[in-house]
Amino acid sequence: MAKVVELAIEGMTCEHCVNSVTKALRSVPGVREAHVSLEAKSARVEGDDFDPQALVSAVREEGYEASLKA
Ligand code: 9UX
């Protein structure tokens, strides 16, 4: 099933942070696309059958804080 998940991201201060988080999110199995906003401190992830918690883990491993938006 296709789905879209929004995350709140803390700790990004420049566009390189955005690139790191974007790459981390895109590396999660099942993710098709990820868009990260520095200003909005958020990410929008689209894909099929990915684990939302794996998105949070991937961002944390990159050194940023993430939480799933309701
Ligand atoms: Mo920019 Mo982000 O120099 O951790 S990469 S602040």
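The figures that follow rest on heavy atoms only: side chains count, while hydrogens, waters and symmetry mates do not. In this chain, residues are counted from 1 in sequence order. Numbering of ligands and ligand atoms starts at 1, following listing order.
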message = For a 4.5 angstrom cut-off between non-hydrogen side-chain atoms, does Thr13 reach Leu38?
response = no

query = Any nitrogen or oxygen of Tyr64, main chain or side chain, under 3.5 Å from a nitrogen or oxygen of ligand 1?
reply = yes

query = Does Asp48 reach the main-chain N or O of Gly30 with its side chain, forming a donor-acceptor pair under 3.5 Å?
reply = no

task = Please check if the side chain of Lys3 supplies one atom and the backbone of Val45 the other of a donor-acceptor pair under 3.5 Å.
result = no

inquiry  = Could you check whether any side-chain N or O of Arg44 sits under 3.5 Å from a backbone N or O of His35, counting only pairs where one atom can act as donor and the other as acceptor?
reply    = no

key: Lys69 and Val5: CA distance, side-chain angles, deciding distance, side-chain contact (heavy atoms from CB on, under 4.5 Å) verdict   = CA-CA 8 Å; Lys69 288 190 181 181; Val5 168; over 6 Å; no

note = the protein heavy atom lying closest to atom 6 (S) of ligand 1 turns out to be Thr13 OG1, 2.8 Å

task = Report, in ascending order of atom number, the atoms of ligand 1 lying under 4.0 Å from any heavy atom of His16.
result = 5 (S)

query = So which heavy atom in the protein is nearest atom 1 (Mo) of ligand 1, and how far is it from that ligand atom?
reply = Cys14 SG, 2.0 Å

query = Which residue holds the protein heavy atom closest to atom 2 (Mo) of ligand 1, what is that atom called, and what is the gap in Å?
reply = Cys17 SG, 1.8 Å

